[in-house]
Amino acid sequence: MPVTLRPAHRPSESGDTDRRRVLDRGAASRTLRPISRRIRRWVPPAVVLVVLAVAWELATDVFGVEAYILPAPSAVAHALVDRWDSTLASATWATLTEVVVGFAIAVGAGLLIACGLHFSRVARSALYPWLIGSQTVPVVVIAPILAIIFGYSLTPKLILVALLCFFPIVVATLDGLSVVDDDLKRMMRTLYGTRWSIFLRVEFPAALPSLFTGLRLSAAYASTAAVFGEYSGSSDGLGHVMRQAVPQLQSALVFAAIILLSAMSIALFILVTALERVLVGWAHERKSTTT
Amino acid sequence: MAWRARGKLAPRAPALPASSGADGAATDRAAAERGDARSATTGIRLTGVTHRYVDVVAVERVDLAVPSGRRLAVVGPSGCGKSTLLGLISGLDEPDEGVVDVLGVTDPAGRLARCALMPQRDLLLPWRSALANAAVALENQGMPRRAARSAVRPLFDRFGLAGSEDRRPRQLSGGMRQRVAFLRTFVAGKEVLLLDEPFGALDAISRAEAQDWLRATLDAEPRTVLLVTHDVEEAVLLGHEVVVLTGRPGRVAARIAVDLPVAGSRRELLATAEFVGLRDAVLAALEQRAAEPPSAEPPSAVLSSVEPSSSDQQPSALSETGCP
């Protein structure tokens, strides 16, 4: 065997060790490897997407499915381009605003509430049941009520997005804050650690991985909540576009709006994940060297 | 000086350049405590200390004394309340009965300000580099992050950690992690160090290395140390005195003064008659305790001497009075 395996290999990649062994020969290929690996990871889902789109296109063509029942991907693409300037651009912008601002409010409020509950036992016992209670209220029901109170403005959508998103953040952060080893906190107290400095240097950093799990969940909920808000009363936004397009049987436009909405969710998710990589890199890095 | 030590004791001089400017009274008193009168001053003194958890008696009527700047090793079977003792001394816990005196202070907050605890698991913060981990006590005292790190950096060389400043704990071996953990404890500048089975999680070879290293480090930078361990060899190597505790409830069963000759290497030291005799004395005390039913001995237990059981022992190495 010309080159021995390095211990850092993950077991899941043992399948392509032969290719790896060739790549491992030079230091130059070692620096290139992460990029090629990243590309390789995107190839399979992209292939699936292309295959599905082609099959869909052919199916609508071969079976002669009416455009209002199932528009072909090409029709959806056309709708996306043709209606971008007149409708979709402003709708995307409106929904994006709701999602981003609502999500930001949820993060701020969620963190504040979680830290408050962590510091005060009284607050935790008094508020935690109501916090869970807030999640039993169905969004479908509360959205029209908010529309009645606040009208077609931005406010009811922000409330909906924040209401749906803050809960996973609070629960995940509280969880992360409370898992810190008791012995560690005791030791820190003998190293001049106060309640605050232990929170700042131990508990909060330790809670970050858990917090990001909550953030990723919330990021997935945010656009759904925004669309619910728009369905219940709005003058713009992707949800508004869909509500208008369905009765007119403009299915291609509905699909175009769905694609934009998904893209928005995925973008938010990727953003959160990228932030996690930067802030909580220590939790994911592999054991690379042993002395 | 932009920052001040929050505790009553200023950080000790050689470790930290910042200590010289701490407020006058504290520095004077600290100097007096560790100065020429060291051998005469009591570092840690426990008098009739009893502690219970719900209805389990963890330690019962324990009397211990560690002179300032000396090292006491406490050996005992698991569950004999060794770690409880450290919690009580450090001021993290209060005993149900008895008095704990650390450098003349008996209130919990005062004790907490004078003791640093090093647990068995390194408990390093995985998101901090070794350097940042070692500097955490200074940051807790309000020193800016950058200043704290540059104050600690020179110590890495002295602690045999040069080159691993920027590594994360996960990238260090178990032995190196314990060194960083000790350095972190040391940097706090406390007069009293409480070590709770510091090398218990290491493999035998790393442990031997770590013991030699700690012994040399503490010889060069003396502190009042109470070391808890279940490793008899470690107790004899690191302690100036060894105390054997009984199991559940923990009581003092024997006190053995340690006086080891200077030897070239660890192997040679371990082979000396003195070391062999001391190790055997500690083992004998442990064995005697295990053989007896728990309630056979009246709980006076303050001083029960160990009779030499084999001919090669050095009677002079055994002391009934505790402190040498």
Side-chain angles (χ1 to χ4, degrees), chain A residues 6-11 30 111 119 172-173 175-213 215 273-291, chain B residues 5-7 11 83 86-87 89-93 109 111-129 132-133 135-143 145 161 163-164 167-177 181 184-190 192-194 196:
Chain A
R6 300 192 311 153
H9 288 166
R10 280 181 290 191
R30 202 163 293 159
L111 282 179
F119 271 101
T173 310
D175 229 40
L177 288 172
S178 61
V179 296
V180 173
D181 199 311
D182 244 17
D183 286 344
L184 176 55
K185 286 192 266 186
R186 280 165 69 84
M187 183 213 70
M188 283 295 280
R189 283 178 63 201
T190 74
L191 302 179
Y192 306 103
T194 57
R195 186 86 175 82
W196 172 248
S197 60
I198 291 174
F199 174 77
L200 195 69
R201 304 206 170 84
V202 180
E203 290 174 321
F204 192 72
L208 278 177
S210 177
L211 164 64
F212 270 100
T213 306
L215 284 181
T273 311
L275 200 64
E276 184 180 12
R277 284 272 156 84
V278 175
L279 289 178
V280 207
W282 55 268
H284 304 292
E285 74 193 13
R286 288 169 294 157
K287 185 175 177 170
S288 52
T289 45
T290 317
T291 343
Chain B
R6 211 170 282 163
S83 301
L86 296 188
I89 295 165
S90 65
L92 289 167
D93 304 310
R111 300 205 306 271
L112 198 55
R114 285 163 177 75
C115 297
L117 183 67
M118 179 181 170
Q120 175 181 352
R121 289 171 298 145
D122 55 71
L123 295 176
L124 294 172
L125 304 173
W127 53 86
R128 282 179 171 241
S129 66
N133 262 294
V136 80
L138 296 182
E139 286 182 43
N140 281 345
Q141 284 174 281
M143 204 191 225
R145 188 190 279 231
L161 286 163
S164 46
R167 296 221 181 140
R168 294 252 166 81
R170 201 182 285 199
Q171 298 169 312
L172 297 174
S173 67
M176 296 286 267
R177 280 204 297 271
R184 171 182 62 185
T185 319
F186 183 85
V187 163
K190 308 275 187 111
V192 174
L193 303 183
L194 306 170
D196 192 354

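This one's a predicted model, so the numbers in the text were calculated from it and none came from an experiment. These numbers come from the heavy atoms of this one structure, side chains and all, not from hydrogens, waters or symmetry mates.
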Proximal component of B/D93, with respect to chain A [non-hydrogen, under 4.5 Å]: side chain
Residues from residues 201-209 of chain A approaching chain B under 4.5 Å (heavy atoms): A/R201, A/V202, A/P205, A/A206
Top contributor to chain A interface from B/R128, B/R121, B/M118 [non-hydrogen pairs under 4.5 Å]: B/R121
Rounded distance (nearest 0.5 Å) linking atom CH2 of A/W282 with atom CD of B/Q171: 13.5 Å
Side chain, backbone, both or neither of B/R111 within contact of chain A (heavy atoms, under 4.5 Å): neither
A/R186 CZ to B/L112 CG distance, which is reported to the nearest 0.5 Å: 10.0 Å
Structural part of A/D183 lying under 4.5 Å from a heavy atom of chain B: both
Winner by heavy-atom pair count (cut-off under 4.5 Å) against chain A, out of B/L194, B/V136, B/D196, B/T185: B/V136
For chain A, the option from B/L117, B/L92, B/L123 that forms the most heavy-atom pairs under 4.5 Å: B/L92
Chain B contacts, top residue of A/L184, A/T190, A/D181 (heavy-atom pairs, under 4.5 Å): A/T190
Crowding at CZ, A/R195 (>12 non-hydrogen neighbours, <6.0 Å): yes
